[in-house]
**Q** 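I am attaching a structure below and will ask some questions about it afterwards.
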Amino acid sequence: MPRKSRNKTAFIISVVAENYGIHPQTLRLYEREGLLKPSRTEGNTRLYTEQDMERLDLILSLTREMGVNLAGVEVVLNMREKMEQMHKQMQEFVAMVQRELGREPVVSSEIRNALVRFVPRAAAPVPLKKRF
């Protein structure tokens, strides 16, 4: 049964489990593992949004179709989030460069700072920990 949460449609665990052909305990496991983070009502009922269900689609695709274990799913989801963040940063960078190019021919401090942020720095060697 759909519930409203902050003007967004959300579904309770039994509906999501039935729609996806999985046990509610599977959804609870995914939450314990940090793969899903449904919101909660004041009565502590889990509410799954469309975004949660898109993420669940990906989790089930990785596990069912590709045989990825939950640790692997976590890695894939984390990498995907990082890639989305990087994509957003690059779009912001390109927009800023386009704005700056339209304003003045000289490289501004804003562009210089953005370049410093995006140009990889040489990694300093990490000291090895003593294992005894």
Side-chain angles (χ1 to χ4, degrees):
M1 181 177 289
R3 306 268 173 113
K4 291 283 185 178
S5 171
R6 295 185 192 148
N7 296 328
K8 293 182 181 178
T9 300
F11 300 89
I12 60 175
I13 193 168
S14 59
V15 172
V16 175
E18 184 177 330
N19 286 342
Y20 283 89
I22 57 178
H23 197 279
Q25 284 295 347
T26 303
L27 292 167
R28 292 182 187 102
L29 171 66
Y30 293 165
E31 184 178 359
R32 277 194 309 274
E33 294 292 325
L35 303 176
L36 285 175
K37 296 169 189 143
S39 60
R40 301 277 186 141
T41 65
E42 288 181 20
N44 212 27
T45 300
R46 290 171 178 85
L47 294 177
Y48 294 87
T49 63
E50 287 295 324
Q51 186 178 7
D52 292 324
M53 291 188 285
E54 287 173 12
R55 192 169 170 102
L56 179 58
D57 281 331
L58 179 58
I59 292 167
L60 293 175
S61 175
L62 289 168
T63 56
R64 289 176 174 173
E65 297 167 19
M66 298 181 188
V68 178
N69 64 21
L70 295 185
V73 169
E74 182 179 20
V75 169
V76 169
L77 292 175
N78 288 337
M79 291 301 294
R80 183 178 166 152
E81 287 172 10
K82 287 178 184 177
M83 288 173 59
E84 288 171 358
Q85 290 171 353
M86 288 173 51
H87 184 258
K88 182 180 176 187
Q89 289 174 338
M90 288 303 295
Q91 286 178 322
E92 291 169 1
F93 177 70
V94 167
M96 188 221 12
V97 169
Q98 289 173 337
R99 281 193 313 272
E100 288 297 316
L101 288 175
R103 276 197 242 159
E104 54 188 72
V106 181
V107 175
S108 71
S109 62
E110 188 180 359
I111 289 178
R112 191 175 306 110
N113 291 338
L115 285 170
V116 167
R117 216 172 69 210
F118 286 105
V119 174
R121 296 183 183 126
V126 178
L128 296 174
K129 292 182 181 178
K130 292 184 180 178
R131 296 187 183 236
F132 48 95

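Residue numbers run from 1 in the order of the sequence given.
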**Q** Considering residues at least two apart in sequence or located in another chain, which fulfil the side-chain contact (heavy atoms from CB on, under 4.5 Å) criterion with Q51?
**A** T49
**Q** With sequence neighbours excluded, tell me which residues meet side-chain contact (heavy atoms from CB on, under 4.5 Å) with N78.
**A** E74, E81
**Q** Is the shortest side-chain heavy-atom distance between T9 and E50 below 4.5 Å?
**A**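 A side-chain contact is absent here, since even the closest heavy-atom pair is not under 4.5 Å.
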**Q** Below 3.5 Å, can you tabulate the donor-acceptor pairs from side chains in residues 27-34 to any protein atom, sequence neighbours excluded?
**A**
unit_1, atom_1, unit_2, atom_2, d
E31, OE1, R46, NE, 2.4
E31, OE1, R46, NH2, 3.4
E31, OE2, R40, NH2, 3.1

**Q** Among V76, V68, V73, exactly one meets side chain to side chain contact (heavy atoms under 4.5 Å, CB included) together with I59. Which residue is that?
**A**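 In the set V76, V68, V73, the residue that makes a side chain to side chain contact (heavy atoms under 4.5 Å, CB included) with I59 is V73.
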**Q** Please examine the side chains of P24 and I13, heavy atoms only from C-beta on, and report whether any two atoms are closer than 4.5 Å.
**A** yes
**Q** Would you find a donor on one side and an acceptor on the other, under 3.5 Å apart, between the side chain of T41 and the backbone of T45?
**A**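 Side chain of T41 to backbone of T45, a donor-acceptor pair under 3.5 Å: yes, one is there.
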**Q** Tell me, do D52 and F11 make a side-chain contact under 4.5 Å, heavy atoms counted?
**A** no
**Q** Taking salt bridge (Lys or Arg N to Asp or Glu O under 4.0 Å) as the test, write out the residues that go with R80, two or more places apart.
**A** E84
**Q** Which ILVMFWY residues are connected to V75, directly or by a chain of links, through side-chain heavy atoms under 4.5 Å apart?
**A**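 Result for V75 is M79.
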**Q** Under a 4.5 Å side-chain heavy-atom rule over Ile, Leu, Val, Met, Phe, Trp and Tyr, are L60 and M66 clustered together?
**A** yes
**Q** List in chain and number order the residues that pass side-chain hydrogen bond (donor to acceptor under 3.5 Å, both in side chains) with N19, two or more places apart in sequence or in another chain; answer none if no residue qualifies.
**A**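 With sequence neighbours excluded, N19 shows a side-chain hydrogen bond (donor to acceptor under 3.5 Å, both in side chains) to no residue whatsoever.
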**Q** Can you check whether Q91 reaches H87 side chain to side chain, under 4.5 Å on heavy atoms?
**A** yes
**Q** Taking the side chain as every heavy atom from C-beta outward, state whether Y48 and L56 have any pair of such atoms under 4.5 Å apart.
**A** no
